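Below is one structure; the comments refer to it alone.
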Amino acid sequence: MIGRREGALMRNNSSHSQWKSKVVTAVAIGVLIGCIFAFLFPNGFFYSVPTSTSSNRHLSLAGSKTQENPAECESSDRLNMLKSELVAVSDKNAELKKQVKELTERLRFAEQGKDQAQKQFLALGKQQKAGPFGTVKGLRTNPTVVPDESVNPRLVKLLEKIAVRQELIVALANRNVKEMLEVWFTNIKRVNITNYLVVALDDEIEQFCQSNQVPVYKRDPDAAVDNIGKTGGNHKVSGLKFRILREFLQLGYGVLLSDVDIVYLQNPFDHLYRDSDVESMSDGHDNRTAYGFNDVFDEPAMGWARYAHTMRIWVYNSGFFYIRPTIPSIELLDRVATRLSKEDAWDQAVFNEELFFPSHPGYEGLHAAKRTMDMYMFMNSKVLFKTVRNDEKLNKLKPVIVHVNYHPDKLPRMKAVVEFYVNGKQDALKAFPEGSNW
Ligand SMILES: *[C@@H]1O[C@H](CO)[C@@H](O)[C@H](O)[C@H]1NC(C)=O
Ligand SMILES: *[C@@H]1O[C@H](CO)[C@@H](O)[C@H](O)[C@H]1NC(C)=O
């Protein structure tokens, strides 16, 4: 599959270079014709009939002896014929020049990315008037892509059976997370979610899923990238995740990407807004950190201007997010996967940098719409163990999911979450420290 995708990239490249080479050829032809005319007719087309000595000299330099003899060219018929031929050729030359100019212009636009912008603008339709004060709303829900089933027909067949309203939960798993995976799918089944799929990264997980009636998909063993899944550490598997995810989006499916250290307590598809390219749970632990705040930086030495306002938000959790099949979403996945293949970086940091950093000199930012999920409904384990379990009101609310992302003792905490929320054991969460003891 990776091979196929890279094939597609190469096709893009080659069509781009074909186009480029056409431009170069056209330019070359134009220049060549220009040179020939400049050389043959240095005084312009209509003064170039060999009557003057200077043109004779040039023609003889060009090695043409036939036109050196004026007597042979004197016939006015022949002269007129020659003239009209020249007009025709010069017209053609002008046409070519025009084409070259247009192509050069297009090349320049393309290089500046403006061509793309124009295309997007055309795709979005008619220009509109703004409308009255307070009634305008920018575009945030981008159109979904046209599904390209040729990308992976085998996966298409599977998804047609599993997905509900073109959506599903997807998790990647290898044998290292087998026990957590079991808690994961047991709770998914308990809340009657049917549209979920495990992407098995090794045979053991594939068999484990099959024997538990868990929908499972194993990629074709062709891609070198797949070896990462078997042996790679967490970060490398995370890079693979973005590449695999792309295929689901290309096939036109909305994906709720899920780590396996997550306990499902309700069906998340009943709690999505679906208005943004990316809708993600937060690593934040209160209103400010989860949803963004103005963090004032104080520099007393600046006197009157000592306060600098900064925008801050805790990162989105790249282990649980809903991503719609749109162009900006796919661009995000590509950008993250590309960077992870080149840098030894944490995928969650890269995911957030690509999502949030604006364009600036030397950098073109992503234009994706984003939404932060409700932190009490899509709860991280810091919120649970720091705040919610100690709050008489909040601990009565049943979250949609709990993600044990902040704690290394994942399995016991997942089981405790089940005890607390599913089996109603009020003290199930009590024994655990707020943070980890390293
Ligand atoms: C799941 O489905 C079963 C059988 O239809 C039903 O008894 C149960 O209440 C459902 N559970 C939820 C959480 O909807
Ligand atoms: C957080 O925001 C919600 C919604 O705006 C609000 O109801 C709640 O009181 C806020 N919590 C705190 C602690 O400020």
Side-chain angles (χ1 to χ4, degrees), residues 134 137 140 161-165 167-169 171 180-198 209 212-215 256 258 260 262-276 279-296 309-317 320-322 356 369-406 414-426 428-429 434-435:
K137 247 186 175 182
R140 56 181 65 73
K161 272 187 270 169
I162 297 169
V164 175
R165 290 188 301 266
E167 294 177 326
L168 76 160
I169 298 169
M180 278 192 279
L181 182 65
E182 186 168 15
V183 179
W184 182 85
F185 66 62
T186 303
N187 284 283
I188 283 184
K189 288 177 180 179
R190 192 200 325 277
V191 292
N192 294 339
I193 298 167
T194 57
N195 51 335
Y196 70 106
L197 179 68
V198 174
C209 289
N212 284 283
Q213 291 79 49
V214 168
L256 185 59
S258 176
V260 293
I262 291 176
V263 177
Y264 285 74
L265 301 165
Q266 301 183 52
N267 190 334
F269 293 107
D270 298 336
H271 299 267
L272 297 176
Y273 287 78
R274 299 178 179 83
D275 62 350
S276 305
E279 190 170 341
S280 177
M281 75 171 289
S282 171
D283 269 6
H285 54 269
D286 57 20
N287 280 352
R288 282 157 46 92
T289 56
Y291 307 140
F293 66 108
N294 180 356
D295 191 18
V296 181
H309 293 248
T310 73
M311 297 296 111
R312 293 192 75 189
I313 187 166
W314 265 225
V315 288
Y316 280 5
N317 190 292
F320 189 88
F321 58 90
Y322 176 72
F356 285 94
K370 42 204 173 283
R371 163 181 283 280
T372 313
M373 288 174 168
D374 186 311
M375 65 172 160
Y376 295 127
M377 298 307 264
F378 298 89
M379 196 187 294
N380 65 54
S381 58
K382 183 167 164 179
V383 170
L384 177 61
F385 286 96
K386 214 173 121 81
T387 315
V388 169
R389 70 170 168 174
N390 305 316
D391 186 302
E392 286 307 314
K393 269 190 204 148
L394 291 175
N395 70 20
K396 302 280 184 301
L397 290 173
K398 187 183 250 190
V400 178
I401 60 125
V402 175
H403 188 179
V404 186
N405 61 322
Y406 267 107
M414 283 175 83
K415 287 178 173 165
V417 167
V418 175
E419 288 300 307
F420 183 80
Y421 283 111
V422 179
N423 302 329
K425 281 200 183 159
Q426 289 304 304
L429 301 173
E434 221 169 71

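Read the numbers this way: they start at 1 and go in the same order the structure lists the ligands and their atoms. Here, residue 1 is the first one in the sequence, and each next residue gets the next number. Keep in mind that the numbers below use all heavy atoms, side chains included, and drop hydrogens, waters and symmetry copies. As the structure is a computational prediction, the values presented were derived from the model and not from experiment.
For atom 11 (N) of ligand 2, the nearest protein heavy atom lies closer than 4.0 Å. Per-atom contact check: atom 5 (O) of ligand 1 does not touch the protein, criterion being a heavy-atom distance below 4.0 Å.
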Would Phe320 and Phe378 count as a ring pair (Phe, Tyr, Trp, His ring centres under 6.0 Å) if you check the C-alpha gap in whole Å, the side-chain angles of each, and the deciding distance to 0.1 Å? CA-CA 9 Å; Phe320 189 88; Phe378 298 89; 5.7 Å; yes

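Atom CE of Met373 sits about 5.0 Å away from atom CG of Leu272, to the nearest 0.5 Å.
Scanning the protein heavy atoms around atom 13 (C) of ligand 2, the nearest turns out to be Asn287 ND2, 4.6 Å. Of the protein's non-hydrogen atoms, the one nearest atom 9 (O) of ligand 1 is Asn192 ND2, 4.7 Å.
Tyr264 and Ser258 form a side-chain donor-acceptor contact under 3.5 Å, judged by distance and modelled atom types alone.
With Phe356 as the aromatic partner, Lys370 meets the cation-pi criteria of under 6.0 angstrom to the ring centre and within 45 degrees of the ring axis.
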